[in-house]
Amino acid sequence: AQSVTQPDIHITVSEGASLELRCNYSYGATPYLFWYVQSPGQGLQLLLKYFSGDTLVQGIKGFEAEFKRSQSSFNLRKPSVHWSDAAEYFCAVGELSGNKLVFGAGTILRVKS
Amino acid sequence: SAVISQKPSRDICQRGTSLTIQCQVDSQVTMMFWYRQQPGQSLTLIATANQGSEATYESGFVIDKFPISRPNLTFSTLTVSNMSPEDSSIYLCSVGAGREAFFGQGTRLTVV
């Protein structure tokens, strides 16, 4: 069965510092991979997605993620974090061409000034 | 893309009662999905709803507790039956369009 592991429950970074959120997946075929962000009281917003091709994908809000098949990873990065990035981030793997998702446990990002 | 409207956005319900959540999509879609997000937890798939067939439930979820209707290609309902405080969660509707999932804003349910 498909699964997603986000090993960090909470991460705190200083504003302006770089960020990397880890995600490892288990999937039998080429995965469809996603990162979503959920701000308090808000719905899910798609940050970026990977289906195939270039393993470094760019998303919204200055985020990027790199697919590494050998490590079964899809880590999310941002070079300089803004206070508004404080939120919960979910990594997900998609079945049914990416429509049906299995989510990781989420990582709560705190940004300190 | 797809725009999803969920109703109600939030509700407070008495234990033992039922609540029906509606999900309306602005385009025709084959599959609709219902997720639950318990407090402080991640999202868990409840079931997949295809038009014209019975919903497919994930392990740990049963039709008697979470009956789903899918009368057409743009609409679905999820009912949370005989509620208990443990059912307090955010319930989200999702649809697939292309190779992407789109989500409604969710229904925040509190059972007292």
Side-chain angles (χ1 to χ4, degrees), chain A residues 1-10 21-25 27 29-53 57 59-60 65 67 87-110, chain B residues 1-10 21 23 25 27-51 55-61 68 73 76 89-110:
Chain A
Q2 296 77 5
S3 66
V4 178
T5 301
Q6 292 180 247
D8 303 306
I9 299 173
H10 296 96
L21 302 183
R22 296 183 290 165
C23 173
N24 291 95
Y25 67 90
Y27 192 70
T30 300
Y32 297 106
L33 294 163
F34 306 85
W35 275 99
Y36 286 86
V37 61
Q38 186 178 43
S39 298
Q42 302 296 311
L44 285 168
Q45 183 179 24
L46 179 67
L47 286 176
L48 47 77
K49 57 192 176 187
Y50 171 79
F51 300 141
S52 63
V57 294
I60 63 172
F67 170 62
E88 188 161 19
Y89 292 79
F90 292 97
C91 181
V93 62
E95 305 175 34
L96 299 177
S97 299
N99 292 174
K100 174 182 173 183
L101 300 179
V102 175
F103 285 86
T107 298
I108 296 173
L109 173 65
R110 298 191 179 108
Chain B
S1 66
V3 177
I4 302 170
S5 299
Q6 256 187 261
K7 293 180 181 180
S9 58
R10 59 178 63 229
I21 302 168
C23 178
V25 189
S27 58
Q28 294 185 338
V29 294
T30 303
M31 287 181 289
M32 297 178 77
F33 307 91
W34 288 98
Y35 291 83
R36 180 177 72 180
Q37 186 177 22
Q38 294 179 296
Q41 303 295 315
S42 185
L43 287 84
T44 302
L45 182 65
I46 297 172
T48 303
N50 291 328
Q51 193 268 335
T56 302
Y57 289 82
E58 299 297 308
S59 176
F61 297 96
I68 288 171
L73 291 173
S76 177
S89 299
I90 299 173
Y91 293 86
L92 295 104
C93 171
S94 173
V95 303
R99 291 181 291 179
E100 187 171 332
F102 296 86
F103 288 84
Q105 287 297 306
T107 296
R108 183 179 295 271
L109 170 63
T110 302

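Just so it is clear: chains get the letters A, B, ... in the order the sequence lines come, proteins before strands, and each one is counted from 1. As the structure is a computational prediction, the values presented were derived from the model and not from experiment.
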Margin query: Measuring from atom OG of B:Ser94 to atom CG of A:Leu44, what distance do you get when rounded to the nearest 0.5 angstrom?
Written below: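 With rounding to 0.5 Å, OG (B:Ser94) is 8.5 Å from CG (A:Leu44).
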Item checked: Non-neighbouring partners of B:Phe102 that pass ring-ring contact (aromatic ring centres under 6.0 Å, His included), sequence neighbours left out ->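 If we apply the ring-ring contact (aromatic ring centres under 6.0 Å, His included) test to B:Phe102, skipping adjacent residues, there are no hits.
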Margin query: Which atoms of B:Leu45 are under 4.5 Å from chain A, going by heavy atoms: the side chain, the backbone, both sets, or neither?
Written below: side chain
Check: Of the backbone (N, CA, C, O) and the side chain (C-beta and beyond), which part of B:Glu58 lies under 4.5 Å from a heavy atom of chain A, both, or neither?
Finding: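 Interface part for B:Glu58: side chain.
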Margin query: Set out, in order, the CA-CA distance, both residues' side-chain angles and the distance that settles side chain to side chain contact (heavy atoms under 4.5 Å, CB included) for B:Val29 and A:Asn99, then state yes or no.
Written below: CA-CA 11 Å; B:Val29 294; A:Asn99 292 174; over 6 Å; no
Next item on the list: List the atom of A:Phe51, the atom of B:Arg99, and the distance in Å for their closest heavy-atom pair.
Entry: CZ-O, 2.6 Å
Notebook entry, point to check: What part of A:Gln38 lies closer than 4.5 angstrom to a heavy atom of chain B: side chain, backbone, both or neither?
Noted result: side chain
Note to self: Given 3.5 Å as the limit, does a donor-acceptor pair link the side chain of B:Ser42 with the main chain of A:Gly104, or not?
What the structure shows: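 Here the side-chain-to-backbone pair exists.
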Item checked: Close approach to chain A in residues 30-40 of chain B, criterion heavy atom under 4.5 Å -> B:Met31, B:Phe33, B:Tyr35, B:Gln37
